[in-house]
Amino acid sequence: MTLTDVAIRRAKPTDKTQRLFDGGGMYLELSPAGGKWWRLKYRFGGKEKRLSLGTYPDTGLADAREKRDAARKLLAAGVDPGEQRKATKAAGNERAANSFEVIAREWHAKQSVMWVDLHASRIMLRMENDVFPWLGSRPIADIPAKDFLTTVNRIVNRGATESAHRVLQNCGQVMRYAIATGRADRNPVADLRGALPPVKQTHHASIIEPQAIGGLLRAMDAYNGSLVTKCALRLAPLLFVRPGELRQAEWAEFDLDGGQWNIPAEKMKMRESHLVPLAPQAVAILRELHPLTGRGRYVFPSARSPQRPMSNNAVLSALRRMGYATDEMSGHGFRAMARTVLDEVLHFRPDYIEHQLAHAVKDPNGRAYNRTAHLAERRKMMQAWADFLDSLRIGGTSANKVTDMAAVRAARA
């Protein structure tokens with residue numbers, strides 16, 4: 001039964017909150033103190049939610065129904081009206097609900113649950129600095145291709161061509177989202193294919209020549225900075241995870257007795273959990289560090305606060321102090337080092353290597369391998385890699401690999 005203005009005016013507060021339903025999920029909530037709020041109950045993504053539609057009598061019955069119908073149209077288009085309202089508020093109440101900024105923030109909120117926090121914040125920062133000031137208040141369906149090009153060319157003109165490509169890609173994703181949710185009919189960004197200058201391909205600086213790797217490892221052993229940074233340095237080549245994954249490592253993720261590190265999905269670039277087998281050499285470094293940081297959350301806490309992980313510049317700064325320039329070695333360079341040497345020197349299967357690098361690897365049926373795929377083989381590979389690094393540290397070379405390995409095993413016996 002639907003409500004009437006007369007029924008609403010006659011409704012009296014009681015000692016309990018009352019709900020007077022009107023239909024379509026909308027109801028009037030009466031508090032014991034006499035307040036009257038319009039609410040919309042709806043489900044989105046399998047969860048029950050509530051949306052405020054105003055207070056009575058400021059918002060009358062007809063106005064409340066109009067707001068309810070607008071919210072239900074958004075639901076029919078696959079848009080959460082609550083998130084849409086948050087995006088509108090974040091963009092400024094004076095802007096139209098279908099402005100580029102509102103829809104971009106709505107798209108970001110939906111997508112960011114599948115991204116790591118750093119990636120999500122970088123995308124929003126690009127939007128706030130390079131797009132919203134020029135396109136944010138514009139109705140999304142009315143922005144032509146030339147205006148997107150003018151916007152990203154400002155980024156190109158300051159020498160950040162790669163960032164310009166990323167921003168244009170994000171704008172295209174926002175436009176596709178607007179089309180999918182009924183706020184635009186076409187994607188003008190697609191017309192700009194090839195309009196930006198190409199990105200000059202660069203690679204993370206890395207040392208891949210075995211003799212030079214040995215020198216780097218010996219320099220790490222001689223590093224006289226903090227024990228936390230030194231242990232992070234020594235683990236970086238052994239584990240070859242991404243720098244952010246290493247510095248944010250938590251003790252709760254490690255099974256030192258079982259020799260493995262389980263990185264949760266929310267910390268991974270691909271949003272899939274990852275398993276890193278730990279050779280005894282890696283376990284020994286972690287056990288050496290545990291008395292210092294093991295009572296806290298992070299394996300490598302910040303020097304300023306144990307509640308935060310170490311800075312993303314800590315390992316890089318240590319490399320520079322050791323005399324390695326930016327064009328010689330980088331934090332990501334340990335991954336390139338492992339990929340190259342494991343393939344070209346130790347001759348492990350490329351799919352084992354790629355899986356251990358946490359890259360997207362498919363099985364013969366086109367499905368993504370799970371984190372335990374080829375685990376036994378990867379354990380052997382990580383052990384062989386750790387032994388090989390030991391051989392380089394004591395002066396061996398790839399030309400005499402078998403002898404080097406025997407020397408390492410004898411030295412560890």
Side-chain angles (χ1 to χ4, degrees), residues 2-3 8 17-31 35-115 117 119-121 123-129 131-143 170-185 187:
T2 58
L3 291 174
I8 295 171
T17 298
Q18 304 174 67
R19 292 179 178 178
L20 307 179
F21 288 88
D22 183 64
M26 187 178 83
Y27 60 90
L28 186 69
E29 184 174 284
L30 280 69
S31 75
K36 298 177 180 180
W37 289 271
W38 292 110
R39 310 281 193 200
L40 176 65
K41 181 171 69 172
Y42 66 98
R43 296 188 70 85
F44 190 88
K47 296 181 179 179
E48 186 174 289
K49 297 188 174 186
R50 298 286 193 279
L51 183 71
S52 174
L53 301 179
T55 60
Y56 184 88
D58 295 333
T59 300
L61 178 58
D63 291 337
R65 287 171 174 168
E66 186 176 335
K67 291 181 179 181
R68 173 198 63 195
D69 294 343
R72 294 189 68 81
K73 285 182 180 179
L74 287 174
L75 283 168
V79 177
D80 184 339
E83 291 299 329
Q84 199 269 353
R85 176 177 291 179
K86 291 178 184 177
T88 302
K89 184 176 181 181
N93 291 328
E94 76 283 359
R95 296 183 176 175
N98 287 337
S99 72
F100 183 87
E101 180 173 349
V102 166
I103 294 174
R105 289 184 181 277
E106 188 181 304
W107 163 81
H108 184 271
K110 179 172 286 190
Q111 296 298 318
S112 60
V113 298
M114 299 179 288
W115 298 332
D117 292 342
H119 180 62
S121 63
I123 288 178
M124 183 49 66
L125 192 61
R126 290 190 202 115
M127 287 288 184
E128 291 175 340
N129 291 342
V131 181
F132 293 164
W134 291 276
L135 302 179
S137 62
R138 304 266 299 274
I140 196 165
D142 297 340
I143 305 174
N170 295 149
C171 288
Q173 291 168 328
V174 172
M175 289 304 308
R176 289 196 293 274
Y177 175 75
I179 293 170
T181 55
R183 269 80 66 85
D185 295 324
N187 178 11

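No experiment lies behind these values; they were computed from the predicted model shown.
- Between the side chain of Arg19 and the backbone N or O of Arg39, no donor-acceptor pair lies under 3.5 Å.
- Around atom CG of Asp58, more than 12 heavy atoms belonging to other residues, nucleotides or ligands sit under 6.0 Å away.
- Not a single donor-acceptor pair under 3.5 Å links the side chain of Arg183 to the backbone N or O of Ile140.
- We find the CD-CG distance between Gln84 and Leu75 to be 11.0 Å, quoted to the nearest 0.5 Å.
- Within the 4.5 Å cutoff, the side chain of Leu53 has no heavy atoms near those of the Thr59 side chain.
- Interatomic distance, Glu101 CD to His108 NE2, rounded to the nearest 0.5 Å: 12.5 Å.
- Closest heavy-atom contact between Leu20 and Leu30: CD1-CD1, 3.8 Å.
- Here the side chains of Ser99 and Arg138 are not in contact, with every heavy-atom distance at 4.5 Å or above.
- We find the NZ-CD distance between Lys36 and Glu29 to be 13.0 Å, quoted to the nearest 0.5 Å.
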Can you list, pair by pair, the side-chain donor-acceptor contacts under 3.5 Å of residues 42-51, counting residues two or more places apart and other chains?
from	atom 1	to	atom 2	distance (Å)
Tyr42	OH	Asp80	OD1	2.6
Tyr42	OH	Gly82	N	3.4
Arg43	NH2	Gly46	O	2.8
Glu48	OE2	Arg50	NH1	2.8
Glu48	OE2	Arg50	NH2	3.3
Lys49	NZ	Asp80	OD2	2.5
Arg50	NE	Tyr27	OH	3.0

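- At most 12 non-hydrogen atoms from other residues, nucleotides or ligands lie less than 6.0 angstrom from CZ of Arg72.
- Annotation: side chain of Val131 is not in contact with side chain of Arg126 (no heavy-atom distance under 4.5 Å).
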Only distances under 3.5 Å count here; give the side-chain donor-acceptor pairs of residues 172-179 to other protein atoms, sequence neighbours excluded, each with its distance to 0.1 Å.
from	atom 1	to	atom 2	distance (Å)
Gln173	OE1	Asn170	ND2	3.1
Tyr177	OH	Glu106	OE2	2.6

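- Here the CZ-CG distance, from Phe21 to Leu3, works out to 10.0 Å after rounding to the nearest 0.5 Å.
- In this structure the side chain of Ile123 reaches within 4.5 angstrom of the side chain of Trp107, judged on heavy atoms.
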Practice item. Show the numbers, then the answer: is there a side-chain contact (heavy atoms from CB on, under 4.5 Å) between Glu83 and Lys110? Key: CA-CA 9 Å; Glu83 291 299 329; Lys110 179 172 286 190; over 6 Å; no
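- In terms of heavy-atom proximity, Ser31 sits nearest to Thr17 at CA-OG1, 4.5 Å.
- Counting heavy atoms from C-beta outward, Asp63 and Trp38 have side chains that stay 4.5 Å or more apart.
- Of all heavy-atom pairs spanning Phe100 and Ile143, the tightest one is CB-CD1, 3.8 Å.
- Nearest heavy atoms, Ile8 versus Leu28: CG2-CD2, 3.5 Å.
- Evaluation of the side-chain hydrogen bond (donor to acceptor under 3.5 Å, both in side chains) rule for Glu128 yields Arg105 as partners, not counting sequence neighbours.
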